[in-house]
Structures are given as structure tokens and as C-alpha cells.
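Whatever order the structure lists them in is the order used to number ligands and atoms, beginning at 1. Counting from 1, the numbers follow the sequence of the chain as shown.
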Amino acid sequence: MPGARYHIETARGDDERAARMVEEIRAGLTARPRWLPSKYFYDDRGSRLFEDITTLPEYYLTRTEERLLAGIASDVVGRVRPAELVELGSGAGRKVRLLLAEMAQAGLLERCVLLDINARFLSESTCALARDFPDLSVRGVVGDFLDDLALLGPGGSRLAVFFASTIGNLHPGEVPPFITRMAQHLAPGDAFLVGLDLVKDVARLEAAYNDCAGVTAAFNRNILRVLNARLGADFDPEAFEHVAFYDRANAWIEMRLRAARPQRVRVPAARLDLAFEAGEEIRTEISCKYTRASFEALLSGTGLALERWYTDPENLFALALLRRSTADEGRSR
Ligand code: AVJ
């Protein structure tokens, strides 16, 4: 193997990460209704369960996005002509290869930065990219796309990507500030390619989050195991039912865990002693569904504008190519 062309860094120390987690979990589990931040799904087991979800027949998102990306990668690279690719929430990091291959073929490819919350998945994909793309230098950052964008540093010849409709996990009110912060890590002319699941038939949406094999249910319950492992909690994951439904008014899928019977749960690291009534629910995820208009409305004043809107023939999923304007509009607002 040629010299070290990849390295991993961690956005925050273990103590700071743990302290943050305690505060977030305390806030969520004592709120009414109770909720948990979705980023805590993704320990090793949860990340693997999500990978399993992506191959389910009901879960059209991943395969639709991948096929769409394969068809547009050369158009995107031709427009942006990036030397550096940045991926937020990279997970197992396969899709990014389609873009890297186009960049390499165009003689542009120099650097790649992956940011993900899961250290194991991150180091595996960082190492695999360095192995498979000679001359590419790869940087992995263990962190979260809401709090740790600062580590990306300033842009320049940069294409950032955020696949899988993971932006849908943000409340619509969080999207404009998130995109504004992202724009601060892009130079004029740099671009941000964002994967978006689209509003569609409710039955199709709900089936994607209620698969027959029960993988999504296992993924949902896994968040309780994460609290057990990291905070010494004593949740019985099997005592909670998986619930996922489409909320039309908000245009999002909401996932919850519903207590099957009355129960008491202790979370020692967060000094919590919780009483659940039968039927009481914890919201674990929202997954927003967009239209071109609803997404475009979130861009105003962010410093990024929609340049291209790519969709599949069935209009299931979109890739939105956003550009940092060459004028300095975004910064002053
Ligand atoms: C990775 C956040 C895009 O919202 O569809 C899959 C996660 N949750 N099944 C999604 C998920 C339930 C997924 N994202």
C-alpha cells in the first residue's frame, strides 16, 4: 500500500461527547411528548441495520437515489468541476464512488472528506476509498452534521454531498440555518448536492417504514439498546412497539416507540427514573418528504440557490444541486 493517504479525526473528545449525550437524552425523555435525537440510532448495530433497510423491497429510497446518481454524476461533475468531494453522513459510503470516478476520469480528483457519526463505518469507508482511488487523499471526521461542520474548513473547488434524504431528519425550521452554515464552508461557485425523498402516495411512504421483515422495527428499537449500553439504562426494547406513520400536515414520516405496558425505566447516567403508561410514546425520528417548491422555499437567504433538480422517472426521489452564488449575497444576510 502506498503512503498514508487517509487519516481519521474526531470532532470532540469522549468526555464532551458523553456529556452532550446525557443533556440531550435528559431533555428529550423528560419533554412531553418524549423524544430522542435520531443520531443515536447509529451505533455499529444500528448502522448495520440501516444498511439492511437499504436493501428491503419496500425501501425504494436508496436504490432510486443510486440509479438517479449514476445517470447524473457526469453532468454534476461537468458543471462544478470539483477537486474535492465532501460527504456528510457518509455511512457505508458507496454512492460517493460514482462521483469520485467521474472526477478521476476528468482529471480533477484530489481530496475527499467523509463526515459520519459512526467511527467504525467511517474508518472502513475512508480506508477503502484510499485503497480504490490511487492518488486520492481521504480525510475522515467523526462528528455530526449539525454541530461539527466547522471541521470542514473553508471551501474552494468543493462539491459537498448529503445523500439518502438524511436532511429530512431535520425539522423544516432547522434546514435554513443548516444550509446557511454549510454555505459558509463553500466558496463562490462550489456546490452542494442534496438527496430528497419526495411527497408521494401515502401507502408507499408508510410501507417503506413498516417493512414486512421487521428490520425497521429492529432499527427503531435499537436506539433503546444504545441508551442501555452508553448510559446504563434498563430499557426492555421488546416492551416497546414500533410505530411509523405519515403526517400529512407536516409532510413527514414520524417514527415512535410505544410502551406495550406500564413500565419503569432508569437511566442512571442521566439521573432519570421514568414511569411509562401503557401506550405512551417516544418520538425517535421525523423523515421529511419534499416537493421542489417546499424545498426551494427553504433556500431563500441561505447563500445557496437551486441550480438543477434531478428526479427519477417515477418522481420518487430528487437530487437537488445547490450552488453558492458568485456574488456575496448569502454572507451579509
Ligand atoms: C437515513 C435518515 C434517510 O429517514 O428514511 C430508515 C433513516 N429510518 N428507516 C430515513 C430510516 C427508518 C433514513 N435516513
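Annotation: cation-pi geometry satisfied between R34 and F276 (NZ/CZ under 6.0 angstrom from ring centroid, within 45° of ring axis).
Checked against ring-ring contact (aromatic ring centres under 6.0 Å, His included), H171 has the following partners two or more places apart in sequence or in another chain: W252. Annotation: salt bridge (Lys or Arg N to Asp or Glu O under 4.0 Å) contacts of D132 (sequence neighbours excluded): R97. Taking T54 as the reference, F50, E51, T62 meet the side chain to side chain contact (heavy atoms under 4.5 Å, CB included) condition, with sequence neighbours excluded.
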Can you list the steps and then say if Y42 with F219 is a ring-ring contact (aromatic ring centres under 6.0 Å, His included)?
CA-CA 9 Å; Y42 301 96; F219 172 77; 5.7 Å; yes
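With hydrogens and angles ignored, the 3.5 Å screen pairs no side-chain donor or acceptor of D43 with any backbone N or O of V226.
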Report all N/O contacts between ligand 1 and the protein shorter than 3.5 Å as a table of atom names and distances to 0.1 Å; if there are none, say 'none'.
unit_1   : atom_1 : unit_2 : atom_2 : d
ligand 1 : 4 (O)  : S287   : OG     : 2.7
ligand 1 : 5 (O)  : Y59    : OH     : 2.5
ligand 1 : 5 (O)  : Y209   : OH     : 2.5
ligand 1 : 8 (N)  : E285   : OE1    : 2.6
ligand 1 : 8 (N)  : E285   : OE2    : 3.4

